[in-house]
Every structure is written in structure tokens, then in C-alpha cells.
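Worksheet: one structure, shown below.
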There are 2 protein chains.
Amino acid sequence: MLHDCTNFHQTQSRESLVTTATVSTRSDSAADAGDVSGPPSDTPTGNDIVELLFFAYRDFVSDPDRLLTEYGFGRAHHRVLHFVERVPGMTIAEMLDILGITKQSLNPILKDLVEKGYIVQRTGTADRRQRLLYPTDKGRALSLALTAPQLQRIARALDGLEPDVKSKVTAFLFSMINDDDRDDVSRIVWKTADGEEQVQ
Amino acid sequence: MLHDCTNFHQTQSRESLVTTATVSTRSDSAADAGDVSGPPSDTPTGNDIVELLFFAYRDFVSDPDRLLTEYGFGRAHHRVLHFVERVPGMTIAEMLDILGITKQSLNPILKDLVEKGYIVQRTGTADRRQRLLYPTDKGRALSLALTAPQLQRIARALDGLEPDVKSKVTAFLFSMINDDDRDDVSRIVWKTADGEEQVQ
DNA sequence: CATTTATGTCAGCCTTATTGACATATTTCA
DNA sequence: TGAAATATGTCAATAAGGCTGACATAAATG
């Protein structure tokens, strides 16, 4: 889930990359291009991961697109619904921090989801200014349906690989997150079933 | 590089997630929310990876934002420039396949990069309908500068982990890509320095 | 010579983002 | 208590980066 960051609506079309001619003309073509650059970069450490992350994420976030289109939603709706399902009772401010967007961007999307009955807002009991977000049964069902193809993709990818890959991938992705956010992310990602963790 | 899929311009602001109250009220708050759903999902296999991919990718693609803003470019410009640098001599059609966008979306971005002197287009020699894309020295320099913080993030993440993590992460990300595209992606990602590979 | 292909371009539209300004309810603090 | 800060909502204007559809041109192909 969680879409590119970006939007994009759904393209879906996408046959095969670079089907046509050559990936690149021979290096002398590049060399004789006058003003043009020298040899391609020597792929320093990590350059392959830069590109694999792009392609993997591109395909990964496109998984729920068909379903989203059916419901008239975009990837932003998926992101919001996903985190509401995962962290029921989340406040608006927490959602804004997680998604990294402004309230003006969140509002129309949230309004959509509330109006169509996927999310309910309840006034906070401790602080009655807050509007706590909860998924409805309908919202929970849609969230799970949207994430299902992504879980399948992950399971299929792990299936062909050594059993320790999952823990190593998890550790790597976790290390890729900004230092400041890592604690909070771990509370969201590995929260216990009864949702007991306090952030502060 | 390669930004979220999506657009988004740069937000840059982002302090810390969920700094305020509790991640969630206790589960009975969710339970007594009436129409609201049951217990949170039991985190089936891969659910953590779904979320870690979101957070890791979110931070990863934001690395070049400051620099992009300085140059008046967006993440889409970065994606285009990156692949032109990596696969000099690429055709327009190949770029469209890789990025998964339409020519109408690509055109203004490409025009920007050409007008500002980061990319040159040269008529193909074998097929003179094609406009082969090459980076200029300036474009190559900018591409490398944009990717530098991302390589640093990857290197730093791998640094604290076991030495086999890199190969396992690479294998995992590769498996996450759509079946149909995997051959072509491997040609792009692991192309030799002299760019000799033929796609067909 | 007719058709297909690669590319370019115009027009209109959508989603998701932004900033700035302002309103309201509630909590907190002096 | 009363002032200030906080959480949220809303309006307006703007922008990036996507989309579809239609059409044009040049070059290759059959």
C-alpha cells in the first residue's frame, strides 16, 4: 500500500520495458555525441539498490490500483485508510505527521472516506478537541482487500529466497528510515494486537 | 532517486511522527466505538514490510529534494535525468516504458531538461525517427549529485548490518518487480560499464 | 504507395499536493 | 477567570505531474 508517494492515478497499462531496440547504442555513440558526457557511471555501491527500489516500489504500489479505481478512490485514500486500520484511534495530527502532508491536503480525502462510510471520527475523551479516527467494518474490509495483493507480492518474493531474507530485508528497510522517526515507526509497525503502546 | 511515484513536490518539513499523545487509545476505545471495527489486524506475514517500504521509500526519495528545489526541478526531473545518465542513448519510448507514464506527461519535463542544458537529443542513426537521449556533462554532474545522498543513506543503512544483507535485499527487491519486467530491469541495473547489452 | 511507427503538440481535465488566512472549540496557563 | 495556545476545519488560489483524446509530421516498412 502506501503508494508512491506521489499520486499518479492508475496507469495499469504497462507491457514490458525497453522492448524495442537496444538499451543503449554502443558506448562510442555516447562518446561521439560531442558535448555529451563520458562513460556511464561505474555503479558505485548501492546504485543497484537505488534503481531496484524504484522499480519494486513502482510495481508494489500499483497492485491496489484496479480496486481503488472501482471504488473511485486514489492512492492517497489507500494510505489514509491503511493507517486508520492499523492504528485505530489515531488523531488528525498524527496522521499528518505519518503521511507528511498538510491538513488541507488530508481534509478532502478524509471527508470522502467518512462520507462514504469507511472511517468514523469520534471526539476524544481525554482531549475533546481531537477527532479520533476509526475504521468501520466496511473500511476495515476495504483496507484488507487493498493490501492483499501487496502481501501476496511480498509472500511470493520471499518464497523463492532463503528463509533469513525476510528479517534482513526488514532490518534494512528499518535502517533506511530517518533516525528521528525510527522509534515512532517501530511502534506503529510492530504494535501489539491490543494496541497498548503509548508513544510518550 | 526515483522519487515516489507520484509527484509531490517537496515538503521537507517533517519533525517527528506521532509526537503528541498515544498512538492509539486502548483497544476498548475502539471496541466501544459502536459501528466501528473489531480488533486490529493480526499483522499477517509481510504487513510489516508493507509499512516499512512506505516509510523507507518516503524518506529515501526526499533526500534530493533540497537540491532539486534549488534547481527548480521536481522529482519527475530527477527520475528522467537519472535514467538518461544510467542508460545514455535511450529512446523516448524506452523512457516512457521505464517510468510508466505517457509521452504527454514526459514532454514538458524533458523539454525543461533539454532547454536548461542537462540533456541533449540526437537523431538516431539506425532509425532516424528516434530521438536518443544523452546527458551533458552538466546533466551527468547533477544526476550524480542528486543520487549522492541516497547512496549515502543506503551505505549507512548497510553499514550497521551483516555483510550478506546487501545481496539479500537486492534479491528481494528484484523479486518484487513484475515478472514481465525483470529481464529488462536487470539489463538496466546491472549493465556493464561499456553499455554493450542489446535488449533484443 | 499505403501503412505503421516514433515522436511532438494542443486542449482539457483530475488528483494530490502547496501556502496563506481565518474560524471555532477546547485546553492550558498565568 | 481570562488570555493564550492547541486541534481541527475551511476557503481560496496555485502548482506539479499525471491522464485522455485528437491530430501532425517524418521516417521506416511492406
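Lettering of chains follows the sequences in order, A, B, ..., and the numbering in each one begins at 1. All of these numbers come straight from a predicted model, not from anything done at the bench.
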Closest listed nucleotide, where the reference is the side chain of [X] and the choices are [options]:
| X | options | value |
| --- | --- | --- |
| B:Q121 | C:dG8, D:dG17, C:dT7 | C:dG8 |
| A:I92 | D:dT8, C:dT16, C:dG8 | D:dT8 |
| A:S105 | C:dT9, C:dT18, D:dC19 | C:dT18 |
| A:K103 | C:dA6, D:dT8, D:dT20 | D:dT8 |
| A:A76 | C:dA17, C:dT9, D:dG9 | C:dA17 |
| A:I101 | D:dT10, C:dT18, D:dC19 | C:dT18 |

- Task: Could you tell me whether the side chain of B:Q104 has a donor or acceptor atom within less than 3.5 Å of a complementary atom in the base of D:dG17?
- Result: no
- Task: Report the relative orientation of the aromatic rings in B:F73 and B:Y71; use parallel for angles under 30°, tilted for 30 to 60°, perpendicular for over 60°.
- Result: parallel
- Query: Below 4.0 angstrom from OP1 or OP2 of C:dA17, is there any side-chain N or O of A:R75?
  - Reply: no
- Would a distance-only check, ignoring hydrogens and angles, find a side-chain to backbone donor-acceptor pair under 3.5 Å from B:T91 to B:Q130? no
- Query: Does B:Y57 have its ring centroid less than 6.0 Å away from the ring centroid of A:F55?
  - Reply: no
Output one line per pair: protein atom, nucleotide atom from nucleotides 24-28 of chain C, and distance, for all N/O pairs under 3.5 Å.
| from | atom 1 | to | atom 2 | distance (Å) |
| --- | --- | --- | --- | --- |
| C:dT26 | OP1 | A:R128 | NH2 | 3.1 |
| C:dT27 | OP1 | A:R128 | N | 3.2 |

